[in-house]
Amino acid sequence: MKTCLVWLHQDLRLSDNPALYHAAEAADTLIPVYIHAPQELEPWAPGAASRWWCHHSLSTLQQALHARGSRLIIRRGASQDVLQRLIRETGAGAVYWNHRYAPQAARRDAHIAAWLRAHDIEVHTYHGNLLYTPGSVLTKEHKPFRVFTPFWRACRQQGLGAPPLPVPQRLGECRLASEAVEALALLPDIPWHHGLASSWRPGEDNALEQLQGFCDAALAHYDAGRDRPDRLDTSRLSPHLAFGEISPRQVVSAVLNAFMDHATQGDSMDRFLSELGWREFAYHTLHHFPYATDTPLNPRFEAFPWRDDKALLRAWQQGKTGFPIIDAGMRQLWHSGWMHNRVRMIVASFLTKNGLQPWQTGARWFWDTLVDADLASNSFNWQWVAGCGLDAAPYFRIFNPVRQSERFDPHGDYLRQWLPELAQLPLPWLHRPWLTPADVQHACNVRIGRDYPAPILDLNSSRKRALNLSRQLPCVTNA
DNA sequence: TGACTATTCAC
DNA sequence: TGAATAGTC
């Protein structure tokens, strides 16, 4: 009789879950375990929005396992202690899991794997949440790629991987006691989660449904639609991927099927796949440079004179900067735990370049407020915008929030959705309310400076300031 | 996966 | 006078 533990974490799914699948093949008795140990992930323990999602994701996984006669065993405490206790209680001889890549988690897992093996417990680990194994995609000089395009080309040359695994046929019974999900106290005390609940449906079944809906509708014109925050043309799979309710292999597989079945443009498919490629690039980068969560990948930026402006930061966080596209994005984030990717770039450029606030500050706010908060992607993308990341936006690429707003929200629908106080403003002014003539303001029942803030900074001079500071960065040769 | 500015060319 | 283009940060 062989008893196997499956140590689940950010792979809260039954399908295409290699750890679960292979454990089910090998085990007479299978015990799926989730260990709540946020203290082990500090200083990057999950933020408030993530905890909300986690609560619901665990609940649905619990139900899904229950429906198949199994049970999710939830425990709290130090991971090693919990595993040790479970092994003693059950006589388990093997532990299965899918790799975690956040530096703190990866270190802990490596330590625990060594400890288990030293105690003659089998350890089986899998790369179930990535398409390519971090560390396995290298340049000819066996160094990490620092530019996306050749990285992704090298990945694609390896193929898109094996087809997804099915849900294991036989999970078997599990009679251990579990803590209730509620005992983990993941839900916020303030009634902040109403916005999240009305925006999202966590869980594996919903993730698969979301994927199929995207492939049937928006994927065909993704190349053009993806940049429009006023439309629902992105996949919105990010939180499902972040919690492993769906695997990137399943996403790839569905996208390829859609391409075969209907006339999805190759451009759109390649563009969408390359977004998964950026996700891979971020994970591989964090694998090679685990300090990248807090330290610029380009050492020139260690000397950058970031400012500390609490008032500016607060205005940005609250969506009260006076720039509609910034404020709409930040309010969308606060309300729904998510922001359109185009808008993420705009608000990040605004905070770091116009506002000169450190990218780490912005990354931390996103970490706490995003339901899709993902340490690899979040750190990587903030570094990218700030100009200190790999294959980063050059320092001179500074978004103008008004131009971006006009280009990507041409009818102002996105702005009106999130800024009701401006909803009556007609079009040229909606993107630049501070220039609205007094009589128009009066007719539209809004007074700028009273009902909606005047701009907290000057775009022109702050842009020049950022350019000057960037130009002055010392040259550090990157041997 | 920018924006700004000067310059040119067609009215 | 405005669109298109090139050069610069």
Side-chain angles (χ1 to χ4, degrees), chain A residues 145-153 218-219 221-231 233-236 238 265 267-282 285 297-298 300-301 304-305 323-326 329 339-356 359 362-363 366 372 374 376-410 414 428 431-432 435 455 457-475:
Chain A
F145 281 98
R146 303 184 76 90
V147 180
F148 174 72
T149 307
F151 166 80
W152 189 229
R153 195 182 304 129
L219 175 61
H221 53 277
Y222 180 76
D223 199 24
R226 62 188 293 277
D227 267 327
R228 292 288 296 272
D230 55 335
R231 297 188 186 158
D233 281 349
T234 61
S235 73
R236 294 172 66 88
S238 52
Q265 295 290 311
D267 282 357
S268 277
M269 182 183 72
D270 286 339
R271 169 69 76 162
F272 182 72
L273 290 179
S274 83
E275 295 305 319
L276 286 177
W278 281 99
R279 178 177 182 273
E280 298 283 320
F281 196 32
T285 301
L297 288 158
N298 181 342
R300 287 178 68 188
F301 276 80
F304 193 88
F323 295 97
I325 191 69
I326 307 293
M339 196 193 305
H340 186 280
N341 183 251
R342 163 65 49 181
V343 189
R344 293 190 198 196
M345 292 192 284
I346 305 171
V347 302
S349 171
F350 182 83
L351 183 73
T352 56
K353 299 196 169 172
N354 299 100
L356 292 180
W359 59 270
F366 272 29
D372 64 27
D374 174 306
S377 294
N378 196 46
S379 313
F380 182 97
N381 287 321
W382 273 96
Q383 294 224 33
W384 185 90
V385 173
C388 55
L390 297 193
D391 203 6
Y395 67 88
F396 51 78
R397 191 173 291 158
I398 298 173
F399 289 79
N400 180 322
V402 178
R403 295 205 81 220
Q404 290 281 315
S405 181
E406 287 186 317
R407 263 169 75 192
F408 298 111
D409 186 26
Y414 179 73
H431 296 291
R432 45 174 77 65
L435 295 180
L457 52 75
D458 178 67
L459 287 181
N460 214 323
S461 58
S462 62
R463 175 176 180 276
K464 285 178 183 151
R465 184 178 64 173
L467 284 172
N468 284 330
L469 289 173
S470 304
R471 215 176 5 242
Q472 288 165 19
L473 278 177
C475 274

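Chain identifiers are assigned alphabetically (A, B, ...) following the order of the sequence lines, protein sequences preceding nucleic acid strands; residue numbering begins at 1 within each chain.
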Asks: Rounded to the nearest angstrom, tell me the gap between atom NZ in A/Lys464 and atom P in B/dG2.
Replies: 21 Å

Asks: Round to the nearest Å and state the distance from A/Gln404 atom CD to B/dT1 atom C1'.
Replies: 9 Å

Asks: When the distance from CZ of A/Phe350 to P of B/dA3 is rounded to whole Å, what number comes out?
Replies: 14 Å

Asks: Take the protein atom CD1 of A/Ile346 and the nucleotide atom C1' of B/dT1, then report the distance between them rounded to whole Å.
Replies: 11 Å

Asks: How many whole angstroms separate atom CG of A/Leu467 from atom P of B/dA3?
Replies: 12 Å

Asks: Given that A/Asn341 and A/Arg403 both sit by DNA chain B, which one's nearest nucleotide is further toward the 5' end?
Replies: A/Asn341

Asks: So, for A/Pro410 and A/His431, which heavy atoms are closest and what is the spacing to 0.1 Å?
Replies: O-NE2, 4.2 Å

Asks: Kindly say if A/Arg228 contacts the phosphate of B/dT1, meaning a side-chain N or O under 4.0 Å from OP1 or OP2.
Replies: no

Asks: Considering every strand and a 4.0 Å limit on heavy-atom distances, what is the contact class for A/Arg407: base, sugar-phosphate, or nothing?
Replies: sugar-phosphate

Asks: Nearest of B/dC4, B/dG2, B/dT1 to any side-chain atom of A/Asn400?
Replies: B/dC4

Asks: Whole angstrom is fine here: how far is it from OH in A/Tyr395 over to P in B/dA3?
Replies: 16 Å

Asks: Using 30° and 60° as the class limits, which term best fits the ring planes of A/Trp382 and A/Phe366: parallel, tilted or perpendicular?
Replies: perpendicular

Asks: Rounding to an integer number of Å, can you tell me how far A/Leu459 CG sits from B/dA3 C1'?
Replies: 11 Å

Asks: Does a salt bridge link A/Arg271 with A/Asp233, judged by any charged N lying under 4.0 Å from a carboxylate O?
Replies: no

Asks: Rounded to the nearest Å, what distance is computed from the CZ atom of residue A/Arg279 to the P atom of nucleotide B/dT1?
Replies: 23 Å

Asks: Got A/Phe408 and A/Pro229 here, is their nearest side-chain heavy-atom distance under 4.5 Å?
Replies: yes

